[in-house]
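The sequence lines fix the lettering, A, B, ..., with proteins before strands; numbering per chain opens at 1.
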2 protein chains.
Amino acid sequence: MNRKAPVKRTRAKQTRLSADDRRSEFVTKATELFADEGFGGGTRALARKLGVTQPLLYRYFPSKDDLIKEVYRKVYLGPLETGWEKLLSDRSRPLRVRLQEFYQAYTDAIFTRKWLRIYLYSGLKGLDINRWYVGMVKDKILSRIIRECRHDAGLATQSRPSAAELELAWVFHGGIFYYGVRRYIYEAPVLEDKAQMISDALDVFLAGFERLAENSDDRQRAPLKVVV
Amino acid sequence: MNRKAPVKRTRAKQTRLSADDRRSEFVTKATELFADEGFGGGTRALARKLGVTQPLLYRYFPSKDDLIKEVYRKVYLGPLETGWEKLLSDRSRPLRVRLQEFYQAYTDAIFTRKWLRIYLYSGLKGLDINRWYVGMVKDKILSRIIRECRHDAGLATQSRPSAAELELAWVFHGGIFYYGVRRYIYEAPVLEDKAQMISDALDVFLAGFERLAENSDDRQRAPLKVVV
DNA sequence: ATCTTTGGTGATCGGTCGATAAACTGGTTC
DNA sequence: GAACCAGTTTATCGACCGATCACCAAAGAT
C-alpha cells in the first residue's frame, strides 16, 4: 500500500555542536543522571536530557562503561586541589586555623549532592578509583594532619603515623564526611552552620588528641583496656 | 512437524518446601543478592540462588518491590534491640563504660557487609524507612548520650539537646559508622581492633565534650568564631 | 555552486527484565 | 483410589536496554 513518494518524515531539528562541546555535555549530564539514578540510568534518558537521540552517544564513547569512567575521572579529580598539602603544613599559622580552613575548603569541594552520590555509588561498586581516593585521603590529608598534631603537641614527627593515630584521624574525618551524607543524601535536618560544625568537631578532636598525646607512652606499652 | 506425542521434557527436580520456609528463604537470599548487586539485581539471579525457577517468586510476593520492602524490614528491624536505651541510661555504672559497651554491641549488630550495603543502597534511594532509622538514632541514641554526658558533666539535663550538641554527637557517631564503611564496603585496611578504635574515639569525644561543657555558657552567648 | 567532512537521526537487533497464565506433580483427605 | 490442594515448572508477553548500521543534512573548503 502507498508505495509512492516515501512519506517525508519531519526530522527532529538538529542543534549541532562542536565535538568537544558535545562530548563534555554528555559527561556533564551523565554525571547528573547517574547521581540521581545510579549507574543503571539509561542511555536513552541521558540523550533526552541533551535533546538528542540515543545513538549519538556512541559517536563519542565506545560504550556506556567508557562514559562512566569519564564521569568518575571528572568527579573524583575535578575538585582536587594541590594547595591543600601546603595549607596543612604551613607552620607559620596556628594548627587550629589551618585545620579549620582546610576542612572548610575540602567540604566546600565535595559536599554537593552530585559528588557525594557518585562517590557512594562508586564505592558500592568497589572500584579501583575509589580505593585510590581513600588512599589519597590517608596519605595526603590524614597522615599530614597527624604529623602536624604531633608537632603541635611537642612530639617527634619522624616516625610514620601509628595505626591507632590514623584511625583516630579517620574517625574524625569520617564524622565530618558523614555530615555531608546526612545533609545531601539523607536530606536529614542538620546544623545549618557548617563552619560551626567543623569548628566544634575540631575542638573535640584537638582536645582529645592532646590528652591522648600526654600519656602516649603509657598507651603504647599497656593499651587502655575497657570492661566489655 | 512432529505433532505427535508431546515430547516429554525432563522436568527439573522439585524440592518442595513449606510456604513459610520458602518465603523466608526468598527474603534471606534476596538480602544477599541485593547487598551484592544493589536492588537492580534480577529476579532470575535470585531464583538461581534458591535452585528454583523465577516465576515461583510471584507466588510469594505480588511484585519485586514487595520483596524489597520485606528485605528492608528484616534488615533494619532485625538487629534492633530494646535494651540499648536502658544500657545507656543505667547511671549505676560509669558513663565511659556504658558508652563503650553500647557501641561495642551496636557495631556488632550493624557492621556486616550485608547490613551496611543494604543501608547505603536504601539511603541512596531516599526511602522513608531510612529517614525513620536516622530519626531513631537521633532520638533513641544520640539524644540519650547527650543527656548522660550532660549529667556526667554536672549540667542540667531537662532541656532538649541543642542543635550544636546533637551535631557533635552525630559527628562522633558518624565517625564510628564510617569505620564500618571503610572496613566492609571499601574493604580498606583499618585498625583491626574495633574495641580499641571505639575506646580511642570515646576518649576523644568525652575529653572534648568536657572541655566544651566547661565554657558552655560563654559559647551560648558568643559562639566561638574562627578565622576563615 | 559544488564537494567534502562530520555531527546527527531512524530503524532495528539481540538480550534481559518483571510479570502472567497455564500446565504439571507431590502430598493429604475422604 | 479418586479428588483436591498447594508448591513448582514451562512458556511467553511487553517493555526496556546497550549497541550497530545506513542514511541524512549542516557547515567548511575549493
Side-chain angles (χ1 to χ4, degrees), chain A residues 2-3 5-30 33-34 36-72 121 125, chain B residues 1-30 33-34 36-72 121 125:
Chain A
N2 195 4
R3 296 197 287 94
V7 212
K8 197 151 198 207
R9 291 243 198 19
T10 56
R11 274 211 153 209
K13 56 187 179 216
Q14 299 187 5
T15 39
R16 292 168 89 104
L17 255 58
S18 83
D20 283 353
D21 288 352
R22 187 62 89 192
R23 190 184 155 87
S24 70
E25 201 183 348
F26 262 115
V27 176
T28 304
K29 298 285 188 182
L33 179 72
F34 295 150
D36 283 339
E37 318 201 355
F39 296 104
T43 55
R44 281 168 180 83
L46 173 56
R48 210 175 307 126
K49 278 173 86 92
L50 302 207
V52 298
T53 54
Q54 178 248 359
L56 187 58
L57 167 63
Y58 294 89
R59 188 153 297 252
Y60 296 94
F61 300 90
S63 74
K64 183 186 176 183
D65 228 59
D66 290 271
L67 169 63
I68 291 179
K69 277 177 191 150
E70 197 73 16
V71 168
Y72 286 141
Y121 273 122
K125 286 220 289 187
Chain B
M1 54 181 93
N2 194 6
R3 293 197 288 97
K4 63 195 156 187
V7 212
K8 196 154 200 212
R9 293 243 200 15
T10 57
R11 274 215 152 202
K13 56 186 179 219
Q14 299 186 5
T15 38
R16 291 166 87 108
L17 256 57
S18 82
D20 283 352
D21 288 352
R22 188 61 89 193
R23 190 184 157 88
S24 70
E25 203 183 346
F26 263 115
V27 176
T28 303
K29 298 284 188 183
L33 179 72
F34 294 151
D36 283 339
E37 318 200 353
F39 296 104
T43 55
R44 280 167 181 84
L46 174 56
R48 210 175 306 127
K49 277 172 87 91
L50 300 206
V52 297
T53 53
Q54 177 248 357
L56 187 58
L57 168 63
Y58 293 90
R59 186 144 302 249
Y60 296 94
F61 300 90
S63 74
K64 184 186 177 183
D65 228 58
D66 290 87
L67 169 62
I68 291 179
K69 277 178 193 152
E70 197 73 15
V71 169
Y72 286 141
Y121 274 122
K125 287 220 288 185

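When distances are taken from the side chain of Y58(B) to each of dT20(C), dA19(D), dG18(D), the shortest belongs to dT20(C). With distances taken from any side-chain atom of T43(B) to the nucleotides dG18(C), dG7(C), dT10(D), the minimum falls on dG18(C). Checking dG18(C), dT20(D), dT8(D) against every side-chain atom of K64(B), the shortest atom distance belongs to dG18(C). Listed nucleotides: dG8(C), dA11(D), dG18(D). Nearest to the side chain of Q54(A): dG18(D). Ranking dT9(C), dG18(D), dA19(C) by closeness to the T53(A) side chain, first place goes to dT9(C).
Within 4.0 Å of R59(A), counting heavy atoms only, lies at least one base atom of the nucleic acid. Using a 4.0 Å heavy-atom criterion, one finds that T15(A) contacts the sugar-phosphate atoms exclusively. Across all strands, F61(A) comes closer than 4.0 Å to no nucleic acid atom at all (heavy-atom distances).
Nucleotides of DNA chain D nearest to G51(B) and L57(A) differ in position, and the one nearer the 5' end is that of G51(B).
When the P atom of dC17(C) is taken as reference, atom CG of L46(B) falls 12 Å away, rounded to whole Å. Taking atom CZ on R23(A) and atom P on dG8(C), their separation rounds to 14 Å, with Å as the unit. The distance between atom CZ of R48(A) and atom C1' of dC16(D), rounded to the nearest whole Å, is 11 Å. Computed from coordinates, the L17(A) CG to dG8(C) P distance equals 6 Å when rounded to whole Å. Atom-to-atom, CG of L56(B) to C1' of dT20(C) comes out at 14 Å; the value is rounded to the nearest Å. Regarding D66(B), its CG atom lies at a distance of 11 Å from the P atom of dT20(C), rounded to whole Å. Distance D20(A) CG to dT6(C) C1': 14 Å, rounded to the nearest Å. Going from atom CZ of F39(A) over to atom P of dG18(D) covers 13 Å, rounded to whole Å.
Taking 4.5 Å as the limit, some side-chain heavy atom of T15(A) sits within range of a side-chain heavy atom of R22(A). Residues V52(A) and F26(A) have side chains in contact (heavy-atom distance under 4.5 Å, counting atoms from C-beta outward).
Side-chain atoms of R16(A) come within donor-acceptor range of the base of dT6(C), with a qualifying N/O pair under 3.5 Å. Counting distance only, with no hydrogens placed and no angle test, the side-chain atoms of R44(A) and the base atoms of dG18(D) include a donor-acceptor pair under 3.5 Å.
With hydrogens and angles ignored, the 3.5 Å screen pairs a side-chain donor or acceptor of R23(A) with a backbone N or O of Y60(A).
If you look at F39(A) and Y72(A), their ring centroids are closer than 6.0 Å.
Of the inter-residue distances, the one linking R48(B) atom CZ with L46(B) atom CG reads 10.0 Å to the nearest 0.5 angstrom.
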